[in-house]
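See structure below.
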2 protein chains.
Amino acid sequence: MGRGKIVIRRIDNSTSRQVTFSKRRNGIFKKAKELGILCDAEVGLVIFSSTGRLYEYASSSMKSVIDRYGRAKEEQQLVANPNSELKVSLVDLR
Amino acid sequence: MGRGKIVIRRIDNSTSRQVTFSKRRNGIFKKAKELGILCDAEVGLVIFSSTGRLYEYASSSMKSVIDRYGRAKEEQQLVANPNSELKVSLVDLR
DNA sequence: GCTTCTATGTATAATAA
DNA sequence: TTTATTATACATAGAAG
């Protein structure tokens, strides 16, 4: 997308890498916002630059996204391995 | 980006919304991966569809991203409000 | 570390399967 | 829900502030 085609690998020149980071970071945040609005989705995006600086976007709030993520992963765990916690519960019922 | 220009607001037609979600989700995941590689950044992306399904991508691992996020926010908190915890520490030192 | 310019590479809207 | 096609809209590489 630009004057030349690029290969996707770490940009060696630190100045170019910084400029590309700035542009693409803006681009992806825009995409994240659009996706949330267009498709009625909840989106959370966290980016740490190579210098360690944090950039974030959440369609709702990051706390909401992370909490929901945790709950969703728990459910996935139960579906993937139905015996794990359920077994405990059944044992506890006796 | 396509046959017609669109306005960024919720797509009413659920079939179109779903198709757009599928395409744009792929697009943004690709962008997230590229950003991580090109710019040596740590990226975490969480998306819940309008039907509640979870989609995720992390350049490292989501746990790593969330943990680092938590630590970064704590630091921000301290920088923004230097008196909060520091005051306690100083008091404790006496 | 962000912005402008602009030629060019990409993503994707509309549509159909 | 994902994919194929293709015309268009958009993102961005490179260069220079």
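Each chain gets a letter, A, B and so on, in the order the sequences are listed, and its residues count up from 1. All of these numbers come straight from a predicted model, not from anything done at the bench.
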- Message: Surrounding CZ of A:Arg10 (heavy atoms of other residues, nucleotides or ligands, distance under 6.0 Å), is the total greater than 12?
- Response: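 Yes.
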- State, to 0.1 Å, how close B:Asp12 and B:Arg17 come at their nearest heavy-atom pair, and which atoms those are.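 Scanning both residues, the minimum pair turns out to be O-NH1, 3.3 Å.
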- Task: Can you see which heavy atom on B:Cys39 is nearest to which on A:Ser50, and at what distance?
- Result: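 Smallest interatomic distance, heavy atoms only, reads O-CB, 3.7 Å.
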- Query: Any chance the side chains of A:Glu42 and A:Ser60 put a donor and an acceptor closer than 3.5 Å?
  - Reply: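 Judged by distance alone, the side chains do pair up.
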Nearest-Å distance, [atom1] ([X]) to [atom2] ([N])?
| X | N | atom1 | atom2 | value |
| --- | --- | --- | --- | --- |
| B:Gln18 | C:dT15 | CD | P | 18 Å |
| A:Asn26 | D:dA11 | CG | P | 11 Å |
| B:Asn13 | C:dT15 | CG | P | 11 Å |
| B:Arg9 | C:dA13 | CZ | P | 15 Å |
| A:Phe21 | D:dT12 | CZ | P | 13 Å |
| A:Ile8 | D:dA11 | CD1 | C1' | 13 Å |

- Determine: side-chain N/O of B:Arg25 to OP1/OP2 of D:dT2, distance under 4.0 Å, yes or no.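 Answer is yes, contact under 4.0 Å.
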- Message: On the nucleotide D:dT1, are OP1 or OP2 found under 4.0 Å from the side-chain N or O atoms that B:Ser22 carries?
- Response: no
- Message: So that I can tick it off, tell me whether B:Lys63 and B:Asp67 are bridged by a salt bridge, with the cut-off set at under 4.0 angstrom between side-chain N and carboxylate O.
- Response: yes
- Query: Which residue, A:Tyr55 or B:Ile28, contacts DNA chain C at a nucleotide closer to its 5' end, judged by nearest heavy atom?
  - Reply: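 In this pair, the answer is A:Tyr55.
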- Message: Taking atom types as they are modelled, would you say the side chain of A:Lys23 forms a donor-acceptor pair with the base of C:dG1 within the 3.5 Å cutoff?
- Response: no
- Specify the residues of residues 35-54 of chain B, ordered by number, for which at least one heavy atom lies under 4.0 angstrom from an atom of DNA chain C.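 When residues 35-54 of chain B is checked for heavy atoms under 4.0 Å from DNA chain C, there are no hits whatsoever.
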- Message: What contact category does B:Arg17 fall into here, base, sugar-phosphate, or nothing, at under 4.0 angstrom with non-hydrogen atoms?
- Response: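 No contact at all - B:Arg17 keeps every heavy atom at 4.0 Å or more from the nucleic acid.
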- Message: Students often get this wrong, so: under 4.0 angstrom with heavy atoms, is A:Thr20 touching a base, only sugar-phosphate, or nothing?
- Response: sugar-phosphate
- Query: Do any N or O atoms from the side chain of A:Asn26 and from the backbone of A:Ser22 form a donor-acceptor pair under 3.5 angstrom?
  - Reply: yes
- Task: Look at the side chain of A:Ser59 and the backbone N and O of A:Gly36, then say whether any donor-acceptor pair between them is shorter than 3.5 Å.
- Result: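 Looks like no, no N/O pair under 3.5 Å.
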- Can you find a pair of side-chain heavy atoms, one from B:Leu45 and one from A:Val43, that are under 4.5 Å apart?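 With C-beta onward as the side chain, the pair touches.
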- Message: As an exercise, state the distance from OH of A:Tyr57 to NZ of A:Lys33, rounded to the nearest 0.5 Å.
- Response: 6.5 Å
- Nucleotide by nucleotide, 5' to 3', does protein get under 4.0 Å of the base (B), only the sugar-phosphate (S), or neither (-) in nucleotides 6-11 of chain C, counting heavy atoms? BBBBSB
